[in-house]
Every structure is written in structure tokens, then in C-alpha cells.
Student: 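This is the structure I have questions about; it appears just below.
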Amino acid sequence: MPGGLDHIVHAVRDLDAAAETYRRLGFTVGARNVHPFGTHNRIVQIDGFFVEILTVAEPDKIEPHRADAFSFGAFQRDYLARREGFSMLLLASRDAESDARGYAAAGFGAGAVFSFGREGRRPDGSVVKLGFSLAFARDPLSPDAGFAVCQHHHPENFWNPSFQIHANGAVAAKAVVMVADNPTDHHIFLSGFTGLRDLHASSIGVTAQTERGDIDIVEPVSFRDQYGVAVTADAGGARFAGLRIAAEELAMVERLLQQNGIGAARHIDRLVVPDLCGATLIFEQGMVR
């Protein structure tokens, strides 16, 4: 059974410009990393969760989708051809091969496990080995939203408390928020993706409460009411719209954003950045459960 939220991919066209915006938001942003399959990224770690700011830098290295293999690079390339924003959500995996078999049995599978490695650097500059295995899932009603689980093979080399200290006081990911015209249409997939049988359903949406953060699927009008931002759902189903971050002190975040010239608005005890390279970032006071 997959674990909690592991990371979200923020697909952008200018990686360094987007990383600078995250820095002005008060986040500690890692250096550029190079993947062997055409994408480059920069990482923002937040206690057991990270934002993967990602771009397609070497399109000639991207492998095409095959019947038995989902292409991570091709998916990100095609997403960026339409828009910037949150393109894919990945849950933590203890065994990607097992999760892939489970998704296939449930009818949500998207090919074989994809494993790769790269080098990473510690704060002191020393080089360490990193490795990941991804098992992809496909919501047949949401072809433009990517879903997967991620198994870390050298987690001790990836997670680093010094990378998780942020000027804005961010401490945890509270939720990933999706929008859909009919959230309940995605109830079966969300249950299968998370492995959670009991989801919370209401008149405004569906929520999966994972062991690290929630996944909310809400109607566009509910997203506007909760966060003060008007968004539209995709004709092709649910799409990722927002990321909710718990911060130690919301007033401190507000002062920092004002100093750095970042537009944000207070809305129902939240601080909302409405257009962060196609995504909405929502700061909230305090810790998660």
C-alpha cells in the first residue's frame, strides 16, 4: 500500500527563473540536477515531502511512450506544450514493483516500473548516490494529470534537514488540491491510487487523508470560495491546481513576500499566491496532524 505524499512535479519552461521565484517565496532551493532522460530539476524539500521544479532541457533524450512503458519525460514535455503548473503527484512507496502490480490488477496501471539514478550533493559539496523507482497509475478520466509512487533507494542520501530550513518557516505539506467539474467521478481512482478504502466525500468534493498530507478534489467554485482564486476544470477530468503548505507563522510569511515583491492575498486565514508558474500556493498557519 502506498504511503503519504512524497512529492509533486511543478513543470515550468524556465527552470532557473522558477527556482528564483521559489527563493523569493522564502524557500531553500537546491542546485540544478540533470536526468539522463531529458529533464532537469531543482528541489525544495519540506520534511518528508518535496516540490520538484522541473523542465524539459534536452528534448532529444526523451523516450516515447510505449505500450509497456510510460515515459516520464514525454508526459512532462506534452504537459508543458499546453501549460505550466503542477503536472504529477507522487506518493511514497515501500515497494514500487508491488505497487505496480496492484495498479495493474485494479486496471489503473501504466506500464513497467521505471528506475533511474543520479548523483546528488550534500551541503558540504560531497557527492552521494541517489536512486528512485517509479510506478505509474493512470486515471482514465484525467489523461492530463500524472500519478505515480516513488521508492527512494538511498533515502539517507536524499533527505537532509539542512535543506528543509526555509526563511518562510514552511514545515509540512498539508494537501494537494485538484479541481474537477464532478469530483465524485474520480472517487474510485483516488481510492485505488492511495490504497485507502475510506475517503471523505461531501457536497464540494472528495478527500483522501494519507499518512502525510491530503489529496483534495473539489469543484472550481469550491476552490474559489476556499482560496479566492478562480480556476477552471479540464474538459479531460481532474487537474492539479494548488498546494497547501503549513508554516510556523503566517504573519512572517506575509512580511517576507511583501519584502520580496511577491503578490499574495489573505483569504480565510490563509495566505494565497495565485499564479506561481501556473499553480496556486497556499500558506496556512501551524502544523499538520
Student: In chain order, what residues pass the side-chain contact (heavy atoms from CB on, under 4.5 Å) check against Asn157, with sequence neighbours excluded?
Tutor: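 Expected list: Arg122, Val128, Leu130, His154.
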
Student: Measure the CE-CZ distance between Met88 and Phe75 for me, rounded to the nearest 0.5 Å.
Tutor: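 These two atoms lie 5.0 Å from each other.
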
Student: Which heavy-atom pair separates Ala145 from Ala238 by the least distance, and what is that distance?
Tutor: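 The answer is CB-O, 3.7 Å.
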
Student: When you group the ILVMFWY residues by side-chain heavy-atom contacts below 4.5 Å and let the links chain together, are Tyr227 and Val231 in the same group?
Tutor: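 Result: yes, single cluster for both.
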
Student: Please answer whether the main-chain N or O of Val34 pairs with a side-chain N or O of His40 as donor and acceptor at a distance below 3.5 Å.
Tutor: no

Student: How long is the span from the CD atom in Gln209 to the NE2 atom in His200, to the nearest 0.5 Å?
Tutor: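 One finds 7.5 Å between CD of Gln209 and NE2 of His200.
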
Student: Let's go through Asp234 and Arg83 carefully: what are the C-alpha distance in whole Å and the side-chain angles of both, what is the deciding distance for salt bridge (Lys or Arg N to Asp or Glu O under 4.0 Å) to 0.1 Å, and is it a yes or a no?
Tutor: CA-CA 12 Å; Asp234 279 356; Arg83 62 157 70 99; 2.8 Å; yes

Student: Taking all non-hydrogen atoms of both residues into account, name the closest pair between Ala279 and Phe86 and its distance.
Tutor: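 Heavy atoms of Ala279 and Phe86 come nearest at CB-CE1, 3.4 Å.
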
Student: Donor-acceptor pair, Thr55 side chain versus Ala57 backbone, under 3.5 Å?
Tutor: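 Not confirmed, Thr55 side chain does not pair with Ala57 backbone.
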
Student: Can you tell me how far the CG atom of Asp269 sits from the NE2 atom of His267, to the nearest 0.5 Å?
Tutor: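 Rounded to the nearest 0.5 Å, the CG-NE2 separation comes out at 10.0 Å.
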
Student: Find out if a path of hydrophobic residues (ILVMFWY) with successive side-chain heavy-atom gaps under 4.5 Å connects Phe240 to Leu90.
Tutor: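 As far as the 4.5 Å side-chain criterion goes, Leu90 and Phe240 are not connected within one cluster.
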
Student: With Asn182, which residues qualify under side-chain contact (heavy atoms from CB on, under 4.5 Å), at least two apart?
Tutor: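 Per chain and number, Asn182 pairs via side-chain contact (heavy atoms from CB on, under 4.5 Å) with Asp185.
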
Student: Could you note down all residue pairs passing side chain to side chain donor-acceptor pair (under 3.5 Å) where residues 2-11 supplies at least one of them, sequence neighbours left out?
Tutor: Asp6-His152, His7-Glu52, His10-Tyr22

Student: Starting at CD1 of Ile53, measure out to SG of Cys277 and round the result to the nearest 0.5 Å.
Tutor: 8.5 Å

Student: Got a donor-acceptor contact below 3.5 angstrom from the Arg270 side chain to the Ile282 backbone?
Tutor: no

Student: Would Leu134 end up clustered with Ile8 when hydrophobic side chains under 4.5 Å apart are linked, directly or stepwise?
Tutor: no

Student: Linking I/L/V/M/F/W/Y whenever any side-chain heavy atoms sit under 4.5 Å apart, do Val177 and Leu141 land together?
Tutor: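 No; tracing contacts between hydrophobic side chains, which count when under 4.5 Å, never links both residues.
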
Student: Would you mind reporting whether Gln285 and Glu249 have side-chain heavy atoms less than 4.5 Å apart?
Tutor: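 Result yes, sub-4.5 Å side-chain heavy-atom pair found.
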
Student: Within a 6.0 Å radius of atom CG on Asp68, are there more than 12 heavy atoms belonging to other residues, nucleotides or ligands?
Tutor: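 Above 12, so yes.
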
Student: Do the side chains of Tyr103 and Phe193 get nearer than 4.5 Å, heavy atoms only?
Tutor: yes

Student: Apply side-chain contact (heavy atoms from CB on, under 4.5 Å) to the pair Leu257 and Glu254, showing each step before the final yes or no.
Tutor: CA-CA 5 Å; Leu257 298 190; Glu254 190 169 32; over 6 Å; no

Student: Check Val229 against Phe223 and note the closest heavy-atom contact, atom names and distance.
Tutor: O-CD2, 3.5 Å

Student: Could you tell me whether the side chain of Phe27 reaches within less than 4.5 Å of the side chain of Val51, counting heavy atoms only?
Tutor: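 Val51 does not reach Phe27 side chain to side chain.
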
Student: Atom CD1 in Ile165, atom CG in Asp47: separation rounded to 0.5 Å?
Tutor: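 Taking CD1 in Ile165 and CG in Asp47, the distance rounds to 11.5 Å.
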
Student: Tell me whether Gln151 contacts the main-chain N or O of Ser133 through its side chain, where contact means a donor paired with an acceptor under 3.5 Å.
Tutor: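 Looks like no, no N/O pair under 3.5 Å.
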
Student: Keeping the roles fixed (side chain from Asn260, backbone from Ile262), state whether a donor-acceptor pair exists under 3.5 Å.
Tutor: no

Student: So do the side chains of Lys61 and Pro36 get within less than 4.5 Å of each other, counting heavy atoms only?
Tutor: no

Student: Below 4.5 Å, heavy atoms only, C-beta onward: do Ile62 and Gln76 meet side chain to side chain?
Tutor: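 No, side chains not in contact.
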
Student: Could you check whether any side-chain heavy atom of Leu243 comes within less than 4.5 Å of a side-chain heavy atom of Phe49, counting everything from C-beta outward?
Tutor: yes

Student: Which pair of non-hydrogen atoms, one from Phe114 and one from Phe72, has the smallest distance, and what is that distance?
Tutor: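 Closest heavy-atom pair between Phe114 and Phe72: CE2-CB, 4.3 Å.
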
Student: Evaluate Phe163 against Ile43 for side-chain contact (heavy atoms from CB on, under 4.5 Å), listing each step before the verdict.
Tutor: CA-CA 9 Å; Phe163 293 151; Ile43 298 297; over 6 Å; no

Student: How far apart are the closest heavy atoms of Ala247 and Val253, and which atoms are they?
Tutor: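 It is CB-CG2, 3.8 Å.
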
Student: I want to know whether Phe116 and Phe37 have ring centres closer than 6.0 Å.
Tutor: yes

Student: Counting C-beta onward and ignoring hydrogens, is there a side-chain heavy-atom pair between Val9 and Tyr79 closer than 4.5 Å?
Tutor: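 No, too far: nothing below the 4.5 Å cut-off.
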
Student: Taking all non-hydrogen atoms of both residues into account, name the closest pair between Gln164 and His166 and its distance.
Tutor: O-CD2, 3.4 Å

Student: Is it true that Phe70 and Phe136 have ring centroids separated by less than 6.0 Å?
Tutor: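 Centroid separation for Phe70 and Phe136: below 6.0 Å.
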
Student: Does atom CG (Leu199) have a neighbourhood of more than 12 heavy atoms from anything else shown, all under 6.0 Å?
Tutor: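 It does: Leu199 CG has more than 12 such atoms within range.
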
Student: I'd like to know if Ile188 and Ile217 are part of one continuous hydrophobic network [Ile/Leu/Val/Met/Phe/Trp/Tyr, side-chain heavy atoms within less than 4.5 Å].
Tutor: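 Per the 4.5 Å side-chain linkage, Ile217 and Ile188 are co-clustered.
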
Student: Please report whether the ring centroid of Phe147 lies less than 6.0 Å from that of Phe189.
Tutor: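 Yes, the ring centres sit under 6.0 Å apart.
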
Student: Quick one: OG1 on Thr28 to CD1 on Ile46, what's the gap to the nearest 0.5 Å?
Tutor: 10.0 Å

Student: For Gly261, is there any backbone N or O sitting under 3.5 Å from a side-chain donor or acceptor partner on Arg24?
Tutor: yes

Student: Would you confirm whether Asn168, through its side chain, and Ala170, through its main-chain N or O, come within 3.5 Å as a donor-acceptor pair?
Tutor: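 Yes, Asn168 side chain to Ala170 backbone: donor-acceptor pair under 3.5 Å.
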
Student: Do Thr194 and Pro2 have side chains that get closer than 4.5 Å, going by heavy atoms?
Tutor: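 Not touching, per the 4.5 Å side-chain cut-off.
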
Student: Would Ile215 and Leu5 count as a side-chain contact (heavy atoms from CB on, under 4.5 Å) if you check the C-alpha gap in whole Å, the side-chain angles of each, and the deciding distance to 0.1 Å?
Tutor: CA-CA 9 Å; Ile215 306 171; Leu5 307 183; 3.8 Å; yes

Student: Where the side chain of Arg224 meets the backbone of Pro220, is there a donor-acceptor pair that is under 3.5 Å apart?
Tutor: no

Student: With no hydrogens and no angle check, is any side-chain donor or acceptor of Arg212 less than 3.5 Å from a backbone partner on Gly48?
Tutor: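 Indeed, once roles are kept as given, a pair shorter than 3.5 Å links the two residues.
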
Student: Do Ser191 side-chain atoms and Leu196 backbone N/O form a donor-acceptor pair below 3.5 Å?
Tutor: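 Flag set: sc Ser191 to bb Leu196 pair under 3.5 Å.
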
Student: Between Arg239 and Asp144, does at least one N-O distance fall below 4.0 Å, as a salt bridge requires?
Tutor: no

Student: Could you check Arg244, Lys174, Gln226 and say which one makes a side-chain hydrogen bond (donor to acceptor under 3.5 Å, both in side chains) with Asp216?
Tutor: Arg244

Student: What verdict does the side-chain contact (heavy atoms from CB on, under 4.5 Å) test give for Leu25 and Leu276, after you've listed the backbone C-alpha separation in whole Å, the side-chain angles of each residue and the deciding distance to 0.1 Å?
Tutor: CA-CA 10 Å; Leu25 283 162; Leu276 175 60; 3.7 Å; yes

